[in-house]
Amino acid sequence: QKEVEQDPGPLSVPEGAIVSLNCTYSNSAFQYFMWYRQYSRKGPELLMYTYSSGNKEDGRFTAQVDKSSKYISLFIRDSQPSDSATYLCAMANFGNEKLTFGTGTRLTIIP
Amino acid sequence: NAGVTQTPKFRILKIGQSMTLQCTQDMNHNYMYWYRQDPGMGLKLIYYSVGAGITDKGEVPNGYNVSRSTTEDFPLRLELAAPSQTSVYFCASSYPGGTNGYTFGSGTRLTVV
């Protein structure tokens, strides 16, 4: 079993829809949770960062962490064609300098 | 502010050739990392470094070598290139602990033929 599982997609939704991206994990020691966005032929860029459980909102993006279920989500409201990218979840436990990444979900927003 | 700079952006190697992928960061980050990304496989850690003079193996180190003589530079050396090393290589850097997130370079697309 992989430490971090992420549905690779691809996921296609119409413009304006709410998008839900998810990851599950098996290591209960993970405390730091991140979402990266990667455009085609570019490096990943940090999109959202949360510590422990709860929600964090930044504009149209909301990151949610449920440590009891070992499940994290990224919601995108009012999705735009510019949101078309691959989204990678990543996580780490305190004191560990290495992030563990999911395989990424490829998202396409259809105008 | 350049962030993390990788060179070259593209390279074609013949089997058995060697090359060095360059990575430089100007954020004074202590930690640096090399990943490879293959389609559908996510990011796999090759090597990482927590400071100048200190390096350690990641998940897939075979066929690669690194050095870290300065805080800014973290080159990745490929010896005796093989087709299995065809991939996109990303360098990243972070503050100690990495839990504030990594800054990635734009990648080097390598093909071994």
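Each chain gets a letter, A, B and so on, in the order its sequence line appears, and its residues count up from 1.
- For the pair Tyr33(B) (side chain) and Leu99(A) (backbone), a donor-acceptor distance under 3.5 Å is absent.
- With hydrophobic clusters built from ILVMFWY side chains whose heavy atoms lie under 4.5 angstrom apart, Phe90(B) does not share a cluster with Met32(B).
- Options Gly58(B), Cys91(B), Ser106(B) differ in how many heavy-atom pairs under 4.5 Å they form with chain A, and the most are formed by Ser106(B).
- A pairwise comparison of heavy atoms in Pro44(A) and Leu43(B) identifies CG-CD1, 4.3 Å as the closest pair.
- Across Leu88(A) and Gln37(B), no two heavy atoms sit closer than the pair CD2-NE2, 4.3 Å.
- Heavy-atom distances place the side chain of Phe10(B), and not its backbone, under 4.5 Å from chain A.
- The number of heavy-atom neighbours closer than 6.0 Å to CD1 of Ile15(B), taken from other residues, nucleotides and ligands shown, is above 12.
- Residues Met34(A) and Phe104(B) are members of one and the same hydrophobic cluster, defined by side-chain heavy-atom contacts under 4.5 angstrom among Ile, Leu, Val, Met, Phe, Trp and Tyr.
- With hydrophobic clusters built from ILVMFWY side chains whose heavy atoms lie under 4.5 angstrom apart, Val66(B) does not share a cluster with Val50(B).
- For the atom pair Tyr35(B) OH and Phe101(A) CZ, the distance stands at 4.5 Å (nearest 0.5 Å).
- Ile72(A) and Tyr87(A) end up in the same hydrophobic cluster when Ile, Leu, Val, Met, Phe, Trp and Tyr side chains are linked at under 4.5 Å.
- The choice from Gln6(A), Arg41(A), Lys42(A) that makes the most heavy-atom pairs within less than 4.5 Å of chain B is Arg41(A).
- Residues Leu11(A) and Met48(A) fall within the same hydrophobic cluster, defined by Ile, Leu, Val, Met, Phe, Trp and Tyr side chains chained together at heavy-atom separations under 4.5 Å.
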